Structures are given as structure tokens and as C-alpha cells.
Amino acid sequence: MRGTIRFSGTGLPTTATLVLSYTPRLVRTNSDTSANYAGPSMVYDPRLVADLDYWARPSGAPAQPGDAIRADRYWLSYTRSGASATEATRSYL
């Protein structure tokens, strides 16, 4: 996944090193239908980064094609029934 980071005010110097940390939000689901959640399913997607333009080694040197930079992710899907009998069941990812 790619994203955008926007800074307000002045920009960063070209010599600056920007280090980011990402923590995903989690949704707790279970197979109990009393909360209107049903059919939870999770998939682990192991993958390597293909575009090395934004990555660097710990020394600050640019990442090289042989570097194993991981971008693993989890996919969670579930369905949730509507609040009333007239509302459709919806899938969530």
C-alpha cells in the first residue's frame, strides 16, 4: 500500500531522515451472531517491497535490489447484518 504524508508549514531539509511507524487499527470479530457480525475470515499476505525508491538501509544508504524489505499485511473480512430486517447484509474488508 502506498500513502501520502503531508506537512504543514515549512518543508523538511533534503538532508533529513524521516522515520515512520504504522500501527493498523484492528476490528474484533467472532462467529457469535448476536453482535450482527458473521463469517470472519483472515488472510496473511507475505510480500516484498517492489519499489525501493523510498527505502534505505540502517546506515542511511539507499536500499539495494537484494535487500529483503517486507511489506506483509493481514486482510480481514466479515459480514454484518443490517439493523433491521429491511436493511441488506453488507460485507466489510
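Fair warning: this is a prediction, and the values are worked out from it, not measured in the lab.
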query = So, does Asp67 use its side chain to make a donor-acceptor pair with the main chain of Ile69 at under 3.5 Å?
reply =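 Flag not set: sc Asp67 to bb Ile69 has no pair under 3.5 Å.
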request  = Enter the distance from Leu48:CG to Arg70:CZ here, rounded to the nearest 0.5 Å.
outcome  =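 Reported to 0.5 Å precision, the distance equals 5.0 Å.
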query = Do you know which two heavy atoms are closest between Val49 and Ala71, and how far apart they sit?
reply =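 In this case the closest contact between Val49 and Ala71 is CG2-CB, 3.7 Å.
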query = Under a 4.5 Å side-chain heavy-atom rule over Ile, Leu, Val, Met, Phe, Trp and Tyr, are Tyr44 and Leu76 clustered together?
reply =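 Yes, same cluster.
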inquiry  = Quiz question: by atom type and distance under 3.5 Å, do the side chains of Asp45 and Tyr74 form a donor-acceptor pair?
reply    =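 Not at all, the side chains of Asp45 and Tyr74 share no donor-acceptor pair under 3.5 Å.
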